[in-house]
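Structure first, commentary second.
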Amino acid sequence: MARLIFHVDVNNAFLSWESMYRTAVLGEALDLRTVPSIVGGDRESRHGIVLAKSTPAKAYGIHTAEPIQSALNKCPNLIVVPPRFELYHTCSENFVKILNDFTPDIEKVSIDEAFLDMTDTCHLFGSPMEAAEKLKTRIRDELLFTVNIGISINKLLAKMASDFEKPDRIHSLFPNEIQKKMWPLPVCDLYFVGRSAQKKMDLLGIRTIGNLARYDTDLLVSHFGEKYGKLIHEYANGIADDNVTIDNKKNKGYGNSITLSEDVTSTDAACQVLLSLSETVGMRLRQDQVKCNSITVETKDSDFNTQTHQMTLSESTDITNVIYKNSCSLLNEFWHGFPPLRLLGIRTTKISDENFDQLSLFSSEDEEQKKKQESLDVCLDKIRNRYGSDSVTRASILKK
DNA sequence: TGTTGAATCCCAC
DNA sequence: CTAACGGTGGGATTCAACA
């Protein structure tokens, strides 16, 4: 049975929310949306990239995720404002609340976009266009920011449609419109065609989505592999068999990484960072009542070369100290102070939600030790939840 | 022959 | 003239080890 799918995308999300807040709440006269402006990370601590741009900034060729310095070179009078993540989360929650009035069948893709399966509820609001119009208007009137809405029969086409002309617009992309509306677009506009695939396709003379759609499937498979070759060919033809899945998906991994304000050149300093990362990752595992059975340590050196090393654990864990100790030994396997490290990260995978304790093959002494560390984590979690994450700090971090 | 683990690469936002 | 360069999560591919 044919479905009706909406993709709703907040226009320039962080920047819209920021300027909405500044004008409506702080009473600032300037609307950042009307001038070349960006929300950007802190350059002092080396987090200086573009998080969101205004439409006038985009006209200067400024892209999301590019270095702020590079953006400033393109537009010297660019206005740069710091992010307010708590605000954005609130905006996102309000956004989803309104979506919920149109269908319960919502898949939130990220902080600023969602798929809606409107198949069963659209009739309550009129035609698909009328329903989208009502949704868009409610968000604009009540929340003071604009969205684009894409309408089609599957997620891929709906998403492609929402990316058409912006802002504050509704577009449909039904199968009979693919040739006219989607095929003329550059191939890199197609979902899942990133930098690498685009480069390869350029060499093959594939410039538009239409070129790709009509390209020989077997030839694509030979260049891009069985899986990806077929997928991308189907996408170019608007074929995607995907359901809107209501978000109860569980994480397959939990990770944290940080670019340090200064390169690290000693194992002591590096392990201190790993401890802090172990704390946050461990806390998230315990919060979700899951354990991990594999740990990966990631490094990025001063030349931006990244490396990862991983290990499987003998026993699943959610204990901060176990994650910490193993992370340190992983790092010590391949790094001894050189080259200087710009970034450190920990990622835990092989997640299980077993609520039972696996029988230990080890001594009761080890069991005792484990129980102690578990209750230490429980205790620290409680204190931090009640009094804030800064209320307790490891002595080893204070020493610095 | 097929599976697993580790390292790397790719993609999205 | 060159540098400026985030964080999180999902997945595929490649290779070696192993069953």
Side-chain angles (χ1 to χ4, degrees), chain A residues 7 9-10 12-14 38-53 62-74 76 78 80 82-83 85 88 92 107-115 155-156 159-160 162-163 188-201 221 224-232 235 245 247 249-261 263 277 280-281 284 288 292-314 330 333-334 342-351:
Chain A
H7 181 253
D9 199 332
V10 179
N12 314 129
F14 287 4
I38 61 166
V39 176
D42 178 31
R43 281 193 287 168
E44 176 100 30
S45 58
R46 307 201 294 188
H47 293 229
I49 60 149
V50 176
L51 298 168
K53 60 197 178 295
I62 293 168
H63 303 290
T64 300
E66 88 174 292
I68 292 176
Q69 186 55 245
S70 157
L72 282 167
N73 293 344
K74 292 173 181 172
L78 185 71
V80 183
F85 290 110
Y88 310 153
S92 181
E107 180 178 339
K108 200 178 177 214
V109 188
S110 71
I111 194 166
D112 68 344
E113 48 176 293
F115 289 104
K155 288 202 287 186
L156 172 76
K159 176 151 180 72
M160 293 300 296
S162 71
D163 218 29
C188 61
D189 282 6
L190 185 64
Y191 186 72
F192 243 65
V193 176
R195 224 181 46 192
S196 169
Q198 188 202 351
K199 205 174 144 192
K200 278 166 92 175
M201 287 181 193
V221 166
F224 294 95
E226 180 83 13
K227 196 132 186 169
Y228 185 70
K230 280 184 176 159
L231 180 84
I232 215 68
Y235 275 13
T245 56
D247 310 304
K249 299 171 277 185
K250 293 196 168 130
N251 263 18
K252 306 221 166 166
Y254 294 75
N256 283 127
S257 63
I258 181 131
T259 294
L260 305 155
S261 48
D263 287 354
L277 292 168
T280 53
V281 170
R284 290 170 61 202
D288 283 8
C292 69
N293 198 39
S294 177
I295 298 177
T296 306
V297 166
E298 179 193 6
T299 61
K300 173 152 55 181
D301 68 24
S302 37
D303 291 328
F304 284 78
N305 302 306
T306 63
Q307 260 185 299
T308 63
H309 281 249
Q310 80 181 73
M311 68 186 294
T312 300
L313 303 176
S314 55
L330 272 168
E333 282 175 16
F334 68 101
R342 177 188 182 85
L343 170 144
L344 278 164
I346 293 178
R347 180 167 173 80
T348 57
T349 51
K350 293 192 186 163
I351 304 300

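In this text the structure is predicted, and so the values were computed from the model without any measurement. Hydrogens, waters and symmetry mates play no part in the numbers below; they use all other heavy atoms, side chains included. First the proteins, then the strands, lettered A, B, ... as listed; each starts at 1.
- At least one side-chain nitrogen or oxygen of Arg342(A) sits closer than 4.0 Å to the OP1 or OP2 atom of dG6(C).
- Arg43(A) contributes no side-chain N or O that, together with a main-chain N or O of Pro67(A), makes up a donor-acceptor pair within less than 3.5 Å.
- Between Gly225(A) and Leu260(A), it is Leu260(A) whose nearest contact on DNA chain C lies nearer the 5' terminus.
- The interatomic distance linking Phe14(A) (CZ) with dG7(C) (P) rounds to 14 Å, in whole Å.
- Atoms CG (Asp42(A)) and C1' (dC5(C)) sit 14 Å apart, rounded to a whole Å.
- Think of the region where chain A sits on DNA chain B: with heavy atoms and a 4.0 Å cut, that region ends 5' and 3' at dG5(B) to dC13(B).
- Considering only side-chain N and O atoms, Asn256(A) lies under 4.0 angstrom from the phosphate OP1 or OP2 of dT8(C).
- In this structure, CG of Asp303(A) is placed 15 Å from C1' of dT2(C), rounded to the nearest angstrom.
- Following rounding to the nearest Å, Glu298(A) (CD) and dT8(C) (P) show an atom-to-atom distance of 10 Å.
- As judged by a 4.0 angstrom heavy-atom cut-off over every strand, Asn73(A) is placed among the base-contacting residues.
- Among the atoms of the strands shown, only primed sugar atoms or phosphate atoms (P, OP1, OP2) are found under 4.0 Å from some heavy atom of Lys159(A).
- Using a 4.0 Å heavy-atom criterion, one finds that Ala197(A) contacts the sugar-phosphate atoms exclusively.
- Note: CD (Glu226(A)) to P (dT13(C)) measures 9 Å, nearest angstrom.
- Atoms CG and OG1, from Asp42(A) and Thr259(A) in turn, are 12.0 Å apart once rounded to the nearest 0.5 Å.
- For dG9(C), the OP1/OP2 oxygens have a side-chain nitrogen or oxygen of Arg347(A) closer than 4.0 Å.
- Residue contacts for Val109(A): at a heavy-atom cut-off of 4.0 Å it reaches no nucleic acid atom on any strand shown.
- At the heavy-atom level, Thr312(A) lies under 4.0 Å from the strands shown only through sugar-phosphate atoms.
- Among the heavy atoms of the strands lying under 4.0 Å from Lys300(A) are primed sugar atoms or P, OP1, OP2 only; no base atom is included.
- If you take CD1 of Ile351(A) and P of dT8(C), they are 15 Å apart, rounded to a whole angstrom.
- Checking Thr306(A), Leu344(A), Leu260(A) one by one against Lys300(A), the side-chain contact (heavy atoms from CB on, under 4.5 Å) holds for a single residue, Thr306(A).
- With rounding to the nearest 0.5 Å, the separation of NZ in Lys108(A) from OG in Ser92(A) is 3.0 Å.
- Among the heavy atoms of the strands, none lies under 4.0 Å from Gly41(A).
- Going from atom CG of Leu51(A) over to atom P of dG7(C) covers 10 Å, rounded to whole Å.
- In this structure, CG in Asp263(A) is found 4.5 Å from CZ in Arg46(A), a value given to the nearest 0.5 Å.
- Lys200(A) comes within 4.0 angstrom of no nucleic acid atom, judged by non-hydrogen atoms across all strands.
- When rounded to the nearest whole Å, the span between CG of Leu343(A) and P of dG6(C) equals 8 Å.
- Within the nucleic acid shown, Ser257(A) comes within 4.0 Å of sugar-phosphate atoms alone, with no base atom in reach, counting heavy atoms only.
- A donor-acceptor pair under 3.5 Å links the side-chain atoms of Thr348(A) to the main chain of Tyr254(A), judged by distance alone.
- A donor-acceptor pair shorter than 3.5 Å can be found between the side chains of Lys53(A) and Thr64(A).
- Note: Tyr191(A) OH to Lys159(A) NZ = 6.5 Å, rounded to the nearest 0.5 Å.
- Nucleic acid contact for Glu113(A): sugar-phosphate only, since backbone atoms but no base atoms lie under 4.0 Å from a heavy atom of the residue.
- Residue contacts shown for Ile258(A) are limited to sugar-phosphate atoms, with no base heavy atom under 4.0 Å away.
- Across all strands, Gly48(A) comes closer than 4.0 Å only to sugar-phosphate atoms, never to a base (heavy-atom distances).
- Between Phe304(A) and Phe224(A), it is Phe304(A) whose nearest contact on DNA chain C lies nearer the 5' terminus.
- Residue Lys252(A) places at least one side-chain N or O under 4.0 Å from the OP1 or OP2 atom of dG11(C).
- The minimum heavy-atom distance between Phe14(A) and Leu51(A), with the atom names listed, is CD2-CB, 4.1 Å.
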